[in-house]
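Working notes, structure below.
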Amino acid sequence: MHIYFSGLGGVAIGPLALIARDSGYEVSGSDMATSRWTQLMEAEGIHVNIGQDGSQIAAAHKYRPIDWLVISSAVPAEHPEVQFARDHHIPVTKRANMLKKILADKHLKLIAISGTHGKTTTTAMMVWLFTRFQLPVSYSIGSHVSFGPSGAYQANSEYFVYECDEYDRNMLEFHPFMSLITSVDYDHADIYPTRQVYDQAFLQFATQSQSVLFWQSDATRLKPSHSRITILDDDDAHLQHIHLAGRHNRQNAWQAASAFAQLFPQYALEDVLAKLSDFPGSDRRFEKLADNIYTSYDHHPTEIRAALQLASELNDHVIAVYQPHQNSRQHEFANEYADCFIQAEHLYWLPTYLSREDPNLPVLSPQELIAHLSNPDIAEPAEMTDELAAILQQAAADGKLVLCMGAGDIDAWARSHFAQATGAKNPDE
């Protein structure tokens, strides 16, 4: 079967293509432009057609007839590749359908990690534990990791570890063997119009799982009802035995350890925690680009606070560079920024990265958003320029920690100016 993936440079589609390839399918696909992710796909032996005007999928179909088009939630119904598939009677589905087929065909037990924050890191930590204990595992991580590809299928694996995001209600497509709920903090107002609707989706996801792990803080508020539920103490004493920077990283590790211990009780907990203390991190999650310069995906107020708390453990002088993500989100989050940056010495606030926007909403400027801070005197509007890069480079040379945050193109800009030729390292090395 020939499967064509639209958006091979995406953090969800890319890993799925690798899994499909490992499962025995012929895989090809496209993306709008070359990126780090398309380059990673090419390095893994999957060719990426650059461009999506319809001619690329037509050429692929002529070379070898396409049996299935898999798209992400971001691909609209009028997309040229979707239209081509319909014109040629090729089935079109979102990625969940592809993954469900693989799970069923390969008889894999799904371990799903979902939540507003921490799911990428927690998923990577679960996979890390499997690899460190030399256990076969299939998985999908929405980020690049240093210890393997972002997605893989192993023929002798019993479990599939999956970063199961809530966007577009993707998580509700699955009925996992085990679910880890990393956090429930309102997001994606374009999909979930109210916090109550958002919360209810996670409660439904929990009921669809054979067993589930919740944090006490979320369980107290949501009151999940489940016959096989594990409630984890947010301040469990085991956190002090996990030697990773950042309280949220230590919590992610403890949840991963708790789940792993349920699956494999034969391994000593202290050995599990020791291996997690060696976790090398994942792409764009407080990733070190150069001495004293880091890049991180954080763009939600809760994530920002957590990233700066981690930074404060490493350095008393933190310079933050922040690119908000989506103007529609800024209208939702503006009042939540108040105390986000209190652990930063200085803040450069960039214009909002625009994506999937409501044209009727006025775009909030950096000045308007800075006004919501409890300490606006530390912040100044900025642009991603060579001049700003030089200022940040000097701050790092002076021994200050520079943290570039955002889910847009700030990461590419930071890498182009700061990434060392030897490759990025992680803060706990």
Side-chain angles (χ1 to χ4, degrees), residues 1-52 55-72 74-75 81 84-85 90-103 105-106 108 120 123-124 127-128 130-131 134 136-157 159-163 280 282-284 287 411-412 415 419 421-424:
M1 178 181 284
H2 181 194
I3 305 174
Y4 194 91
F5 292 85
S6 185
L8 268 177
V11 296
I13 290 290
L16 182 57
L18 293 173
I19 295 159
R21 188 270 312 272
D22 292 351
S23 300
Y25 297 103
E26 180 175 347
V27 170
S28 63
S30 66
D31 212 301
M32 286 294 294
T34 300
S35 65
R36 290 181 65 238
W37 270 94
T38 61
Q39 292 168 356
L40 288 169
M41 289 296 104
E42 293 282 358
E44 290 289 339
I46 296 179
H47 177 62
V48 184
N49 297 295
I50 301 303
Q52 294 184 322
S55 62
Q56 297 81 11
I57 191 173
H61 185 64
K62 183 177 181 180
Y63 177 75
R64 173 74 186 276
I66 295 168
D67 300 296
W68 193 349
L69 173 62
V70 177
I71 63 174
S72 73
V75 174
E81 293 187 333
F84 176 88
I90 299 169
V92 181
T93 64
K94 294 183 180 179
R95 54 194 167 91
N97 298 79
M98 173 80 256
L99 182 53
K100 286 193 292 186
K101 177 173 174 55
I102 292 173
L103 293 173
D105 288 351
K106 306 300 182 182
L108 293 166
T120 299
T123 304
V127 176
W128 171 252
F130 273 86
T131 60
Q134 299 183 332
V137 64
S138 298
Y139 62 87
S140 175
I141 309 171
S143 177
H144 177 62
V145 291
S146 61
F147 51 89
S150 55
Y153 167 72
Q154 288 185 302
N156 57 340
S157 56
Y159 297 102
F160 188 97
V161 180
Y162 177 45
E163 180 178 343
S282 59
D283 190 66
R284 293 189 72 180
E287 179 187 356
D411 176 72
R415 289 180 191 278
T422 53

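Just so you know, residue 1 is the first one in the sequence shown, and it goes up from there.
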Salt bridge (Lys or Arg N to Asp or Glu O under 4.0 Å) partners of residues 27-37, not counting sequence neighbours, each pair once: Arg36-Asp283

Does Ile3 form a side chain to side chain contact (heavy atoms under 4.5 Å, CB included) with Met98? I'd like the steps, not just the answer. CA-CA 9 Å; Ile3 305 174; Met98 173 80 256; 3.3 Å; yes

Just to verify, what does Thr34 make a side-chain hydrogen bond (donor to acceptor under 3.5 Å, both in side chains) with, not counting sequence neighbours? none

Can you give me the closest heavy-atom contact between Ser157 and Leu108, atom names plus distance? O-CD2, 3.4 Å

Between Met41 and Leu18, is any pair of side-chain heavy atoms under 4.5 Å apart? yes

May I ask you to test the Tyr139-Phe130 pair for a side-chain heavy-atom distance under 4.5 Å? no

Heavy-atom side-chain proximity of Ile90 to Phe84 below 4.5 angstrom: yes

I want to check something: taking the side chain as every heavy atom from C-beta on, are Lys94 and Val70 in contact at a cut-off of under 4.5 Å? no

Kindly write out the residues that satisfy side-chain hydrogen bond (donor to acceptor under 3.5 Å, both in side chains) with Lys106, not counting sequence neighbours, or none if the list is empty. none

Shortest non-hydrogen contact between Ala17 and Val27, atoms and distance: O-CG2, 3.7 Å

Can you find a pair of side-chain heavy atoms, one from Trp37 and one from Ser150, that are under 4.5 Å apart? yes

Ignoring hydrogens, what is the shortest heavy-atom contact between Gly151 and Ile19? Give both atom names and the distance. C-CG1, 3.9 Å

Reported OG-to-CD1 distance for the pair Ser28 and Ile57, which is rounded to 0.5 angstrom: 8.0 Å

Can you tell me if Glu163 uses its side chain to pair, donor with acceptor, with the backbone of Thr123 under 3.5 Å? no

Distance-only criterion, 3.5 Å: show the donor-acceptor pairs between side-chain atoms of residues 58-67 and protein atoms not counting sequence neighbours.
{"from": "His61", "atom 1": "ND1", "to": "Ile66", "atom 2": "N", "distance (Å)": "2.9"}
{"from": "Arg64", "atom 1": "NH1", "to": "Glu26", "atom 2": "OE1", "distance (Å)": "2.1"}
{"from": "Asp67", "atom 1": "OD2", "to": "His2", "atom 2": "N", "distance (Å)": "2.8"}

Donor-acceptor check, side chain of Asn49 to backbone of Gln56, threshold 3.5 angstrom: yes or no? no

Not counting sequence neighbours, which residues clear side-chain hydrogen bond (donor to acceptor under 3.5 Å, both in side chains) with Trp68? List them please. Thr93

Backbone N or O of Phe160 within a donor-acceptor pair of the Ser138 side chain at under 3.5 Å? no

Exceeds 12 heavy-atom contacts within 6.0 angstrom, atom CE of Met32: no

Nearest heavy-atom pair of Tyr153 and Ala155: which atoms, and what distance? OH-CA, 3.4 Å

Side chains of residues 4-16: which donor-acceptor partners sit under 3.5 Å, not counting sequence neighbours?
{"from": "Tyr4", "atom 1": "OH", "to": "Glu81", "atom 2": "OE2", "distance (Å)": "3.4"}
{"from": "Ser6", "atom 1": "OG", "to": "Gln52", "atom 2": "NE2", "distance (Å)": "3.3"}
{"from": "Ser6", "atom 1": "OG", "to": "Glu81", "atom 2": "OE1", "distance (Å)": "2.7"}

Roughly how far apart are Ser35 OG and Ile50 CD1, rounded to 0.5 Å? 7.5 Å

To check you understand the geometry: which heavy-atom pair defines the closest contact between Ser30 and Val48, and what is its length? C-CG1, 4.0 Å

Considering only heavy atoms from C-beta outward, does the side chain of Trp128 approach that of Val145 to under 4.5 Å? no

